[in-house]
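What follows is a short report on a single structure.
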Number of protein chains: 2
Amino acid sequence: MSSTSDIDKLIELMAKLPGLGPRSARRAVLHMIRKRALLLAPLAESMRIVAETARECLNCGNVGTTDVCDICTSEKRANGEICVVEDVADLWAMERSGVFKGRYHVLGGTLSALDSVGPEDLRIPRLRDRVETEHITEIILALNATVDGQTTAHYIADQLEGRVRLTSLAQGVPIGGELDYLDDGTISAAMRARKNI
Amino acid sequence: MSSTSDIDKLIELMAKLPGLGPRSARRAVLHMIRKRALLLAPLAESMRIVAETARECLNCGNVGTTDVCDICTSEKRANGEICVVEDVADLWAMERSGVFKGRYHVLGGTLSALDSVGPEDLRIPRLRDRVETEHITEIILALNATVDGQTTAHYIADQLEGRVRLTSLAQGVPIGGELDYLDDGTISAAMRARKNI
Ligand SMILES: [Zn+2]
Ligand SMILES: [Zn+2]
């Protein structure tokens, strides 16, 4: 199938996306070819633009299309609070909730002795600088409730202790969560943090 | 996030692909941005090329980059056999197996009274023509083992009866298949078609 090699190449590239294997890549490519004008051509153009313009914010590590992201340049977001997250996906999740009005700091991972990820690999020095230059009063450590996430949170807390208020997200039963489906750790944490009603 | 609207638009388009929802589209876009040179830019270019060149074969309905596909133009594939499939994905699956040496006919779906899909919508008239013009001796109906697939197979068999040998794929236990995981219909079919060893 020599002249279909362009299609084969597209399938191969699509299969490299997270969550897609060869089979779902083939299905996606067939779907795109059927919707050439409505989906394939617009996707090609959208990807070209993003490939040219997307960059990491030099201040916080958020992804945007400018050297310093919209959140870091917005004076409205300068409320003295920084929410520290592992990943841009976590920042996006926080933004969708609409609950946080301050700025972010994206670590880009967690400390890991096993993978030799140290503080310098995670924008932790930059976070220390920001506490001074942006007059930060509170750092909210919104790291994942994993061993590595919590190790990283403790390391950052140690580094910043005494210079700023340090908080973390409450742990407990998710809204709509059924106890039967929760892991034991979550149930224990929720029980220990129980409140009067 | 006004200047990130290009990224938002890409996420929105990616979420329209089969098997991807908003969450996996966001993950895919972040992954592509991180691998901009290795993945995002090549994907944009590959999609642009396929959007410009991909077309359905006028003879069989296969997807390729020429008006008549490689299989239909190859004299080696003119062995008098046509394998009828519902979808290009099925044609690709047959080609990967390497077991079939003839040509294909892609119906583009199944007959369905409910969705008012008739024979004209499915390239069935074209299949009748091909039996004559391509000197076809055998039609292999490789349709899915669903109610609609089998209804369509029976309709085509009725139309072509007496003009050509009509066969269908054997039904049975898949290689490596565990009985415990198979549905009752497959087990019944395999039992009825049992062979001496
Ligand atoms: Zn920023
Ligand atoms: Zn063809």
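Each chain gets a letter, A, B and so on, in the order the sequences are listed, and its residues count up from 1.
Contact of B/I33 with chain A is made through the side chain alone, with heavy-atom distances under 4.5 Å. When heavy atoms are compared at a cutoff of 4.5 Å, B/R26 approaches chain A by way of both its backbone and its side chain. For a residue to count as touching a neighbouring chain, one of its non-hydrogen atoms must lie under 4.5 Å from one of that chain's; by this rule B/E52 touches chain A with the backbone only. B/L10 touches chain A through backbone and side chain together, each having a heavy atom under 4.5 Å away.
Between B/R103 and B/N79, the side chains place no donor N or O within less than 3.5 Å of an acceptor N or O (distance only, hydrogens not considered). B/T167 and B/E138 share a side-chain donor-acceptor pair at under 3.5 Å.
The environment of B/R23 atom CZ is sparse: at most 12 non-hydrogen atoms of other residues, nucleotides or ligands sit within 6.0 angstrom. Counting heavy atoms of neighbouring residues, nucleotides and ligands inside a 6.0 Å radius, atom CZ of B/R163 exceeds 12 of them.
Most heavy-atom pairs under 4.5 Å with chain B: of the set A/V88, A/L17, A/L30, this distinction falls to A/L30. The candidate with the highest count of non-hydrogen atom pairs below 4.5 Å against chain B, out of A/A41, A/A89, A/A44, is A/A44. If you tally non-hydrogen atom pairs under 4.5 Å between each of A/I49, A/L38, A/L39, A/V29 and chain B, the highest count goes to A/L39.
Checked against salt bridge (charged side-chain N to carboxylate O under 4.0 Å, His left out), A/E120 has no partners two or more places apart in sequence or in another chain.
A/L143 belongs to a hydrophobic cluster whose remaining members, ordered by chain and number, are A/I82, A/V84, A/L107, A/L111, A/V117, A/L122, A/I124, A/L127, A/V131, A/I136, A/I139, A/L141, A/Y155, A/I156, A/L160, A/V164, A/L166; membership requires side-chain heavy atoms of ILVMFWY residues under 4.5 Å apart, directly or through intermediates.
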